[in-house]
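In the text below, chain A, chain B and the rest are named by the order of the sequence lines, each starting its count at 1.
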Amino acid sequence: MSKVRVRFAPSPTGGLHLGGVRTALYNYLFAKKNNGDFVLRIEDTDQTRYVEGAEQYILDCLNWCGIQPDEGPHTGGEYGPYRQSERKNIYREYAEQLVKSGHAYYAFDTPEEIESLRETLKAQGKYNVQYDFQNRLNMRNSLSLPPEETEELLKINFPHVIRIKMPRNEYVHFQDMIRGKIEMPTDGVDDKVLLKADGMPTYHLAVVVDDYLMKITHAFRGEEWLPSAPVHVLLWKYFGWEKHMPHWAHLPLILKPDGNGKLSKRDGERLGFPVFAMEWNDPKNGVVKGFKELGFMPEAFINMLALLGWNDGTEQEIFSLEEMIEKFSMDRVHSHGAKFDFEKAKWFNHEWIKKSDVERLRPDVKKILEGNGVSIDDEPKLDKIIELVKERCTLLNDFWPQASFFFITPTEIDTASILPKWNENKTQFFVELIRTYSLMNSWNINDIEHSFKELAAASRLKSGELMLPFRVMLVGGKFGPGVFDISALLGKEETLKRIEHTLSIMK
RNA sequence: GGCGCGUUGGUCAAGGGGUUAAGACGCCUCCCUUUCACGGAGGAAUCACGGGUUCGAAUCCCGUACGUGCUACCA
């Protein structure tokens, strides 16, 4: 059994969306589970769609997700180059080999001619508007033209493509690791272009040539490739590489939450959630935020993604990368698409924040605070704050609204929520509280709480009724961890300052 | 239109001939907490529909409906 080798082969045409990352992830999990190699191959054969920076961006995303390729354009490896544009010269000979063996042919039709073919067919009311066995002999190609003419056209370098000659009335069988046996009629597929007029291969030629040359053993890709799978299987056969053909698996699609269609790059804005892993700065359309910028932890992001279409059969939902590698298996991947649910995605993140320790969270939280103009000089204090606040944070970015009051004295005090039950006795209590606290020479949770309650009892007030006002004074609103925890961390001076401030505006 | 793939609560899903049809998210009620959150208890599907096969079907078969993908010199 040869070493397992899989590849993730994105086109550098824009941001990497959920489906793309999940495909990469499943490839990675499968490879690592089987001690195999995870190859990154850049499929940049369409120069018209090439987008500057997209390749580096893909790499950054994989890196953020923690699924680095073992081989690829930036990592190197013995099967390079890993960019198809840099492999341009190797495809032509393979395409020509197919022409020689009679499985492909030269086609000289101009785009206009093909367009008119379509029009004609449509006008005739034909349903299958394709370049295929039914009409290829009416077109300009090496099958319909006399050999000399083909020769001549090739000699003068007349623009041409090489098309596969799809067999008529045959069935292609292959095994899909998710769907089992698949049988598809060849008639439904047109004579796909293999080599374009510009000399670049299309996906169809490039995948099989590269998968063969790169010794790929398992080919996992989106379900949208299923209809053209017969082309690929046939190609493996025509090249005589059948025994090396990879095992296929066609991954289910990730669908829009509101039905109709697979999740696309545009849905993010429309529905108010990100579809990209990381912020993508599109040269044309501007900046689009990603899961990372929204405050997702990569651990949660890939965990959520993996569970969208796979589970290990138990009730477990939270998995680390290592656990997923251990538990992953392709036959537990679903054969049907799943609607993306942003609420559930956030739940995964919340779970990860709760289970992460301070060491893991500290750098991220620090960055967020610094991004809001707060510099951290007291790390032990920061750690306590993180511990106190993390279960209230669904996204990492929530650390700011949840903890900012520890660093910045709140300017907006939600007095409206305490005013209705406010009275002179309470004012008196807090005036007394200031005096009591001023005299304390230790400042810890127990003492703060004890003094508070003692004074409340002495004032014949319920301490419960006083805690909300106290909280609002310290925090600015009705949220946050225990009041006494907050006060202890804030320090005596700051606590007194905040009580005084609120008292002054309550007058 | 053709061809392919799919269909268990609003969503993600377990379950693959005999189960009270797991669990999670979200929602609702309650408890805990005189904040928010966490945590805890509880509530709501008869498995798209119609036919078979079978003593027995969510589970097997066939149709229909619906969804979704492909139908480019894009991937």
query: Can you name the one residue among A:Arg7, A:Arg87, A:Lys88 that meets salt bridge (Lys or Arg N to Asp or Glu O under 4.0 Å) with A:Asp210?
result: A:Arg87
Does the side chain of [X] get closer than 4.0 angstrom to OP1 or OP2 of [N] through an N or O atom?
X	N	result
A:Arg332	B:G15	yes
A:Lys354	B:G39	yes
A:Lys196	B:C74	yes
A:His336	B:G67	no

Consider the side chain of [X], meaning its heavy atoms from C-beta on, and name the nucleotide among [options] that approaches it most closely.
X	options	value
A:Asn311	B:A13, B:A24, B:C5	B:A13
A:Leu226	B:G4, B:C73, B:C70	B:G4
A:Ala197	B:U71, B:C73, B:U34	B:C73
A:Glu317	B:G69, B:U11, B:A24	B:A24
A:Leu308	B:A14, B:C12, B:G6	B:C12
A:Phe479	B:A75, B:U11, B:C36	B:C36
A:Arg49	B:A22, B:C74, B:U34	B:C74
A:Ala338	B:C5, B:G23, B:C12	B:C12
A:Thr202	B:A75, B:U35, B:A13	B:A75

message: Tell me if the side-chain of A:Lys344 makes a donor-acceptor pair with the base of B:A24, cut-off 3.5 Å, by modelled atom types.
response: yes
query: Does a distance-only test, which skips hydrogens and angles, find a donor-acceptor pair under 3.5 Å between the side chain of A:Arg392 and the base of B:C36?
result: yes
For [X], answer base if it contacts any base atom (sugar-phosphate contacts may also be present), sugar-phosphate if it contacts only those atoms, and nothing otherwise; contact means non-hydrogen atoms under 4.0 Å.
X	value
A:Leu307	sugar-phosphate
A:Glu43	sugar-phosphate
A:Asp191	nothing
A:Thr45	sugar-phosphate

- request: State whether the number of non-hydrogen atoms from other residues, nucleotides or ligands found under 6.0 Å of A:Glu183 atom CD is greater than 12.
  value: yes
Euclidean distance for [atom1], [N] against [M] (whole angstrom):
N	M	atom1	answer
B:C27	B:G10	C1'	9 Å
B:G26	B:G67	P	29 Å
B:C49	B:C66	C1'	10 Å
B:G16	B:U29	P	36 Å
B:C61	B:U54	C1'	12 Å

d([atom1], [X]; [atom2], [N]) in whole Å:
X	N	atom1	atom2	value
A:Arg471	B:U33	CZ	C1'	10 Å
A:Ile182	B:C5	CD1	P	6 Å
A:Glu449	B:U34	CD	C1'	13 Å
A:Phe405	B:C36	CZ	P	14 Å
A:Leu205	B:C74	CG	C1'	15 Å
A:Phe133	B:C3	CZ	P	12 Å
A:Leu263	B:U11	CG	P	16 Å
A:Met473	B:U35	CE	C1'	14 Å

message: Does the structure place the NZ or CZ of A:Arg136 under 6.0 Å from the centre of the six-membered ring of A:Tyr131, at an angle of no more than 45° from the ring's axis?
response: no
message: Does the structure place the NZ or CZ of A:Lys355 under 6.0 Å from the centre of the six-membered ring of A:Trp352, at an angle of no more than 45° from the ring's axis?
response: yes
message: Please compare A:Gly482 and A:Thr48 by the position of their nearest nucleotide in RNA chain B and report the one closer to 5'.
response: A:Gly482
Pairwise 5' ranking along RNA chain B for A:Gly337 and A:His350, keeping only the more 5' one: A:Gly337
field: Separation between OG of A:Ser85 and CD of A:Glu55, rounded to the nearest 0.5 Å
entry: 8.0 Å
With a 4.0 Å cut-off on N to O distance, would you call [X] and [Y] a salt bridge?
X	Y	result
A:Lys346	A:Glu343	yes
A:Arg360	A:Glu299	yes
A:Asp258	A:Arg270	yes

query: Just by distance, do the side chain of A:Asp331 and the backbone of A:Met177 share a donor-acceptor pair under 3.5 Å?
result: no
query: Short question: side chain of A:Ser228, backbone of A:Val231 - any donor-acceptor pair under 3.5 Å?
result: no
message: Only Watson-Crick and G-U wobble pairs with both distances less than 3.5 Å should count. Give RNA chain B in dot-bracket notation, marking inter-strand partners with |.
response: ((((((((.[[[..)..(....]]].(((((.......)))))....[[[[[..)....]]]]])))))))....
